[in-house]
A.B. asks: 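Please read through the structure below; I'll follow up with questions.
Predicted model only: the values in this text are computed from it and were never measured.
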Amino acid sequence: MFERFLFFLIRAIVSLRYRVRTSGLKDIARPGRRGILFLPTHPALIDPVMLLSRLFPLFRPRALADKDAIDIPVIRGVATRIGVIRIGSLTKKAGTTEAAQESIDACAEALRAGDNVIFYPAGRLLRSSQEYLGVNSGLATILAQAPDARVVLIRSRGIWGSAFSWASGYAPAVPDVLKRGFRYLLANLLFFMPRRHVTVEAVEPTDFPREAGREAINAYLETFYNATPNPNTFVPL
């Protein structure tokens with residue numbers, strides 16, 4: 001009941017500014033709901049909240065989080081309840097390599113245990129409307145360690161241009177965005193704020209090159225993520 005109420009509340013809050021339409025999730029759930037590796041794009045800081053709130057009722061996926069960032073009252077308890085995978089900070093230069101390997105090992109272990117995991121192949125926010133994975137090897141390593149995991153790709157459209165994204169040319173400042181958004185919500189009497197329309201598409205490909213190596217995997221993902229336009233969309237406040 002707690003989890004249902006939590007994600008209902010999150011969806012209700014998000015709906016004040018975003019209209020989110022999902023597709024493909026029921027097809028993904030039909031063969032089973034265990035051992036799935038969800039691979040989304042990361043166009044804005046708000047998309048993990050949208051994604052987790054919609055995946056959780058069906059799949060209860062586990063997400064990665066900086067253990068220091070969530071080690072605070074209330075957040076710590078919620079993270080424990082929803083199965084967040086705690087990792088070391090990727091922002092501390094001395095521990096970057098160790099933290100990255102820790103996150104990869106934790107994801108693979110969870111998948112082998114039958115859990116579902118959300119993993120961002122690029123490992124960072126989009127810097128442009130196009131996804132670029134470069135030489136990232138985290139996903140290939142996870143698949144090598146968890147060869148039986150199902151792979152589901154998730155493509156989001158409509159978020160690029162949000163104040164939570166890099167579309168303005170600089171890193172989003174979350175506290176400022178939240179403060180400004182709250183003021184505009186009040187000015188719009190909460191329920192009359194213009195909505196940003198977002199689509200979230202989930203696909204389980206049959207031709208995913210999971211054993212073809214890092215370069216082939218990354219090229220496949222880039223082709224999928226960039227196959228449809230991702231315009232820089234402005235929505236009035």
A.B. asks: Restricting to salt bridge (Lys or Arg N to Asp or Glu O under 4.0 Å), what partner residues turn up for Arg150, sequence neighbours left out?
C.D. replies: Glu204

A.B. asks: So does Arg124 have more than 12 non-hydrogen atoms from other groups sitting under 6.0 Å from CZ?
C.D. replies: yes

A.B. asks: Of all the heavy-atom pairs spanning Ala122 and Glu131, show the shortest one and how long it is.
C.D. replies: CB-OE1, 3.4 Å

A.B. asks: Under the criterion side-chain contact (heavy atoms from CB on, under 4.5 Å), I'd like the reasoning laid out for Phe208 against Leu221: C-alpha separation, chi angles, the key distance, then a yes or no.
C.D. replies: CA-CA 9 Å; Phe208 188 77; Leu221 289 175; 3.8 Å; yes

A.B. asks: Around atom CZ of Arg21, are there more than 12 heavy atoms of other residues, nucleotides or ligands at under 6.0 Å?
C.D. replies: no

A.B. asks: Do Thr233 and Arg196 have side-chain atoms, one donor and one acceptor, less than 3.5 Å apart?
C.D. replies: no

A.B. asks: So do Leu52 and Ile82 actually touch side chain to side chain, heavy atoms under 4.5 Å?
C.D. replies: yes

A.B. asks: Can you tell me how far the CG atom of Leu45 sits from the CG atom of Leu125, to the nearest 0.5 Å?
C.D. replies: 4.5 Å

A.B. asks: Do Asn218 and Glu222 get their side chains close enough for a donor-acceptor pair, meaning under 3.5 Å?
C.D. replies: no

A.B. asks: Can a cation-pi geometry be assigned to Arg155 and Phe224, taking NZ or CZ under 6.0 Å from the six-membered ring centre and within 45° of the ring axis?
C.D. replies: yes

A.B. asks: Which atom names give the shortest non-hydrogen contact between Ser53 and Arg11, and what distance separates them?
C.D. replies: O-NH1, 2.7 Å

A.B. asks: side-chain contact (heavy atoms from CB on, under 4.5 Å) for Leu37 and Leu139? Distances and angles first, verdict last.
C.D. replies: CA-CA 10 Å; Leu37 179 60; Leu139 174 57; 3.6 Å; yes

A.B. asks: Please determine whether side-chain contact (heavy atoms from CB on, under 4.5 Å) holds for the pair Val152 and Val203, giving the CA-CA distance in whole Å, both sets of side-chain angles, and the decisive distance to 0.1 Å.
C.D. replies: CA-CA 6 Å; Val152 172; Val203 176; over 6 Å; no

A.B. asks: Supply the atom-to-atom distance Ser128 OG to Leu126 CG, rounded to the nearest 0.5 angstrom.
C.D. replies: 6.5 Å

A.B. asks: Hey, is Asp176 close enough to Lys179 for a salt bridge, meaning N to O under 4.0 Å?
C.D. replies: no

A.B. asks: Is the backbone N or O of Thr199 less than 3.5 Å from a side-chain atom of His197, with the two atoms forming a donor-acceptor pair by type?
C.D. replies: no

A.B. asks: If you compare all heavy atoms of Arg62 against all heavy atoms of Ala110, which two are closest, and at what distance to 0.1 Å?
C.D. replies: NH1-CB, 3.9 Å

A.B. asks: If only atom types and distance count, is the side chain of Arg60 paired as donor or acceptor with the main-chain N or O of Gly83 below 3.5 Å?
C.D. replies: no

A.B. asks: Linking I/L/V/M/F/W/Y whenever any side-chain heavy atoms sit under 4.5 Å apart, do Leu16 and Val174 land together?
C.D. replies: no

A.B. asks: Within the side chain of Arg195, is there an N or O that forms a donor-acceptor pair under 3.5 Å with the backbone of Met193?
C.D. replies: yes

A.B. asks: My understanding is that only one of Tyr120, Phe119, Phe59 makes a ring-ring contact (aromatic ring centres under 6.0 Å, His included) with Phe38; could you say which?
C.D. replies: Phe59

A.B. asks: Quick check: closest heavy atoms across Val151 and Pro205, and the distance to 0.1 Å?
C.D. replies: O-CD, 3.7 Å

A.B. asks: Please give me the minimum heavy-atom distance between Cys107 and Val117, naming the atom from each residue.
C.D. replies: SG-CG1, 3.7 Å

A.B. asks: If two hydrophobic side chains count as joined below 4.5 Å and joins carry through other members, does Ile154 share a cluster with Phe7?
C.D. replies: yes

A.B. asks: Hydrophobic clusters here meaning ILVMFWY residues chained together by side-chain heavy-atom distances under 4.5 Å, can you tell me if Leu58 and Val200 are in one?
C.D. replies: yes

A.B. asks: Do Asn226 side-chain atoms and Gln130 backbone N/O form a donor-acceptor pair below 3.5 Å?
C.D. replies: no

A.B. asks: Nearest heavy-atom pair of Ser165 and Pro43: which atoms, and what distance?
C.D. replies: CB-O, 3.2 Å

A.B. asks: Hydrophobic clustering (ILVMFWY, side-chain heavy atoms < 4.5 Å, transitive) - are Leu51 and Phe8 grouped together?
C.D. replies: no

A.B. asks: How long is the straight-line distance from CG of Leu133 back to OH of Tyr220, given to the nearest 0.5 Å?
C.D. replies: 13.5 Å

A.B. asks: Would you say Asn230 and Ser156 make side-chain contact, with heavy atoms under 4.5 Å?
C.D. replies: no

A.B. asks: Indicate yes or no for a side-chain donor-acceptor contact from Asp115 to the backbone of Pro61 under 3.5 Å, with no hydrogens or angles considered.
C.D. replies: no

A.B. asks: Is any side-chain heavy atom of Ile142 closer than 4.5 Å to one of Gln145?
C.D. replies: no

A.B. asks: I'd like to know if the side chain of Arg19 and the backbone of Val198 have a donor-acceptor N/O pair within less than 3.5 Å.
C.D. replies: no

A.B. asks: Any chain of hydrophobic side-chain contacts (each under 4.5 Å) joining Trp160 to Phe234?
C.D. replies: no

A.B. asks: Could you walk me through whether Ser162 and Tyr18 satisfy the side-chain contact (heavy atoms from CB on, under 4.5 Å) test, starting with their C-alpha distance in whole Å, then the side-chain angles of each, then the deciding distance to 0.1 Å, before giving a yes or no?
C.D. replies: CA-CA 10 Å; Ser162 164; Tyr18 299 90; 3.2 Å; yes

A.B. asks: Starting at CE of Met50, measure out to CG of Leu55 and round the result to the nearest 0.5 Å.
C.D. replies: 13.0 Å

A.B. asks: Does Ala113 offer a backbone N or O that forms a donor-acceptor pair with the side chain of Arg34 under 3.5 Å?
C.D. replies: yes

A.B. asks: With rounding to the nearest 0.5 Å, note down the distance linking CD1 in Ile28 to CG in Leu25.
C.D. replies: 7.5 Å

A.B. asks: Rounded at 0.5 Å granularity, tell me how far OG1 in Thr41 sits from CG in Asp47.
C.D. replies: 6.5 Å

